[in-house]
Asks: 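Below are the structure tokens for one structure; questions will follow.
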2 protein chains.
Amino acid sequence: MPKTNIRTLAKQLGLSQGTVSKALKDSYEISAATKERVMALARKLNYVPNAYASSLRKQKSKTIALVLPEVADSFFSVAINGIESVAQKKGYHVLIYLTHENFAKEKAILNELKSGRVDGVLVSVARETKHPNHISALQTNGVPVVLFDRVLADTITAEVCTNDFECGYIATKHLIERGCRKIAYLSISKNLSIVNERLEGYKKAIREYELPPDKDLLITCNNSEGHNHAAIKKSLSSKNRPDGILASVEKLIITTYHVCKALHLEIPANVKVAGFSILPSAAILSPPVTTISQPAFEIGEAAAALLFKILEKKDHGPENTKIILPSALIIRGST
Amino acid sequence: MPKTNIRTLAKQLGLSQGTVSKALKDSYEISAATKERVMALARKLNYVPNAYASSLRKQKSKTIALVLPEVADSFFSVAINGIESVAQKKGYHVLIYLTHENFAKEKAILNELKSGRVDGVLVSVARETKHPNHISALQTNGVPVVLFDRVLADTITAEVCTNDFECGYIATKHLIERGCRKIAYLSISKNLSIVNERLEGYKKAIREYELPPDKDLLITCNNSEGHNHAAIKKSLSSKNRPDGILASVEKLIITTYHVCKALHLEIPANVKVAGFSILPSAAILSPPVTTISQPAFEIGEAAAALLFKILEKKDHGPENTKIILPSALIIRGST
DNA sequence: TTGAAAGCGCTAACAG
DNA sequence: CTGTTAGCGCTTTCAA
């Protein structure tokens, strides 16, 4: 069965391609009767327009790309929902790419996206990413970019993120007020601005309460579960072990719990734990973990909405808009 | 800056479009010298081929679609990783669509995918989906489909899933051996074959141990967290409350834990809980939850690999292959 | 209100 | 080894 295309329809109806094309999109130029005939046959033959022919001709793809470090993280899974819901409403398709926190891969992916395959791109950068050059390169090619959550410092890109500095501060303050004096901060990157914002908030609280700053309390984790487990274990086994832990991402909370379990350290008696996360199981962990809970769905939604705003050029110069949505500290048993 | 395309390159090099095209794909017909010149200019002008022009011409898109009920579930997030890793290796792009368990949406999405936008489709069906008609329709249109995890009974589609019947049986048997006599099964659908397979395994164990079958113990949940919470709560509050619970999907485990907490029911003393899940936090819940752990990454990988096999028509008739990967019962504190 | 024709950027068959 | 040419299926002037 040969695919039915516009030509097939046109031939069978004794019309020209152009007329059929216009009829299919309900153009005002076409008579109601003709439209009816065209629609009827299209339905009958189950005509589906070829997406790429149309994209090629119109130079737009009705597709956006979503570039993520990973997907097995509650934040990102929920953010995808927000993004997808907006895209679906707009009739857009979503290409998903995972960088696995790898900068080279991220760069390669963004470079490929210059191909006209997408009209715009949403990015949450990898932990290894330091410079925005690959992002600017894409923008220079006429593909708008919106960063979300994992944004880059000092870029002129549109961005949606949360109040990381403030949350780092509030969470640390909370730990201090619950009696912690040696609070470890678990980072996943030395350069990621979001992680550093949280760290700066942490430092501000430390300063404010005049706790001794301690380099050993700043633990840089990475993408290897084994490495992270070892690093946290080392810290929690040391003589000078921390009595509080602030995890900058979800998986580090889980690793910390595992380490505490292995070392028979009681949470919160021996060490208090808080972290950035929207784990649905946060409240039923043993003990329930205090979290800084990000509005993941809303961030995804806002990022997608902003991208469409740029695509539709409604607003004047939304290319540099920065949107900040607030997170909330949810205190539970671990602190 | 106008986009550089093949014509631009050809003009600047004094070559024909055809030659440039061939040179770019390293065709044996082209001299090394010419290739060098073409490549050099392409690099210099940062030439990126237009994906849609090529797709239109070759009638293939180097793109697959991934149609999922949801993404905020450990199983699906990890499966995406498996799928994406295979796709990336093959140089394919991945379009992601969420049905939110809604059949009409699933149908609409699959219908759209007849547009030539993708070369193949991976589907895990919605809880509402009963018939495979919309899937066959896509296949009839020449788009191969592979179902994974949430497969459909009695289809002639390629499928990758796990040994659900056996796992339902083993998990139920385990609960019985730990002393349960009234085991509730939490379903998310009356028609989903995967859920029913698990249920049949459950029933087999019940029969084998001659426990009284009880309709009230079969609790059908749905997509509404509120409804599920209420249904489970009602059951666990009843006089005849179950002493064991088998949850057919991850989120129902979490809901069950929340309900037990609210009702002050001790797990495992008052009620034992097990469920299908690969929650990374399973071991640090309070108490750690016994799970039937599916090889999510491998399932995703296998599904994608099977799809590519079909696309490449290597094998003879893989269109009807059924692959079953085994899950494992991981016994923890909740039972 | 409809038709004719050009062309989006690329590929592939065929000719030279 | 390189060039010419004819589309892939659709949209969009412009003409009728």
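Every chain is numbered from 1, with letters handed out A, B, ... down the list of sequences. Just so we're clear, the structure is a prediction, and the values are computed from it rather than from any experiment.
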Asks: Can a side-chain donor-acceptor contact be found between B:S21 and B:Q17 if the only test is distance below 3.5 angstrom?
Replies: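 Short answer, no.
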Asks: To the nearest Å, how far apart are B:L13 CG and D:dG3 C1'?
Replies: 15 Å
Asks: Which one, D:dC8, D:dC1, C:dC8, comes nearest to the side chain of B:Q59?
Replies: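 Of all the options, the side chain of B:Q59 is nearest to D:dC8.
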Asks: Quick one: B:K11 NZ to C:dG9 P, roughly how many Å, whole number?
Replies: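 In whole Å, C:dG9 P lies 11 Å from B:K11 NZ.
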Asks: Any donor-acceptor pair under 3.5 Å linking the side-chain atoms of B:E159 with those of B:T155?
Replies: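 Yes - a donor-acceptor pair under 3.5 Å links their side chains.
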Asks: How long is the line joining CD1 of A:I30 and C1' of D:dT12, in whole Å?
Replies: 12 Å
Asks: Check whether any side-chain N or O of B:R7 sits under 4.0 Å from OP1 or OP2 of C:dG7, and answer yes or no.
Replies: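 False: B:R7 side-chain N/O out of range (4.0 Å or more) of C:dG7 OP1/OP2.
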Asks: Closer to the 5' end of DNA chain C via nearest nucleotide, is it B:E29 or B:I6?
Replies: B:I6
Asks: Output yes when at least one side-chain N/O atom of A:Y47 is less than 4.0 Å from OP1 or OP2 of D:dC10, else no.
Replies: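 The answer is yes; a side-chain N or O of A:Y47 sits under 4.0 Å from OP1 or OP2.
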Asks: Can you name the side chain to side chain contact (heavy atoms under 4.5 Å, CB included) partners of A:V143, sequence neighbours left out?
Replies: A:V118, A:V121, A:L138
Asks: When you measure from every atom of DNA chain D, which of residues 15-25 of chain A have a heavy atom less than 4.0 Å away?
Replies: A:Q17, A:G18, A:S21, A:K22, A:K25
Asks: Please find the pair of heavy atoms, one from A:T99 and one from A:K105, that lie closest to each other, and give the distance.
Replies: O-CD, 3.8 Å
Asks: Look at the side-chain N and O atoms of A:N5 and state whether any lies under 4.0 Å from the OP1 or OP2 oxygen of D:dG9.
Replies: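 Yes, A:N5 has a side-chain N/O under 4.0 Å of OP1/OP2 on D:dG9.
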Asks: Just how far, in rounded Å, is C1' of D:dC8 from NZ of A:K58?
Replies: 17 Å
Asks: Determine the contact category for B:T34: base if any of its heavy atoms lies under 4.0 Å from a base atom, sugar-phosphate if only primed atoms, P, OP1 or OP2 are that close, otherwise nothing.
Replies: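 Sugar-phosphate: the residue B:T34, judged by heavy atoms under 4.0 Å, touches backbone atoms but no base.
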Asks: Starting at atom CZ of A:R37, determine the distance to atom C1' of C:dT2, rounded to an integer number of angstrom.
Replies: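 Taking CZ of A:R37 and C1' of C:dT2, I get 12 Å after rounding.
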Asks: Starting at the 5' end of DNA chain D, which residue's closest nucleotide do you reach first, A:A53 or B:S31?
Replies: B:S31
Asks: In whole Å, what is the span from the OH atom of B:Y28 to the P atom of D:dT2?
Replies: 14 Å
Asks: Applying side chain to side chain contact (heavy atoms under 4.5 Å, CB included), run through A:Y92 and A:V94 and close with a yes or a no.
Replies: CA-CA 7 Å; A:Y92 267 67; A:V94 180; 5.8 Å; no
Asks: Indicate whether OP1 or OP2 belonging to C:dG9 is found under 4.0 Å from a side-chain N or O atom of B:S54.
Replies: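 Looking at the OP1 and OP2 atoms of C:dG9, neither is under 4.0 Å from any side-chain N or O of B:S54.
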Asks: A:K114 NZ to C:dG9 P: how many Å, rounded?
Replies: 17 Å
Asks: Give the rounded distance in Å between these two atoms: CG of A:D119 and C1' of C:dC8.
Replies: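 Rounded to the whole Å, the gap is 15 Å.
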Asks: Between A:H100 and B:Q88, does any side-chain donor sit less than 3.5 Å from a side-chain acceptor?
Replies: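 No, no side-chain donor-acceptor pair sits under 3.5 Å.
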Asks: Side chains of B:S189 and B:E128 only: does a donor on one sit below 3.5 Å from an acceptor on the other?
Replies: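 There is no such pair (donor and acceptor under 3.5 Å, judged by atom type) between the side chains of B:S189 and B:E128.
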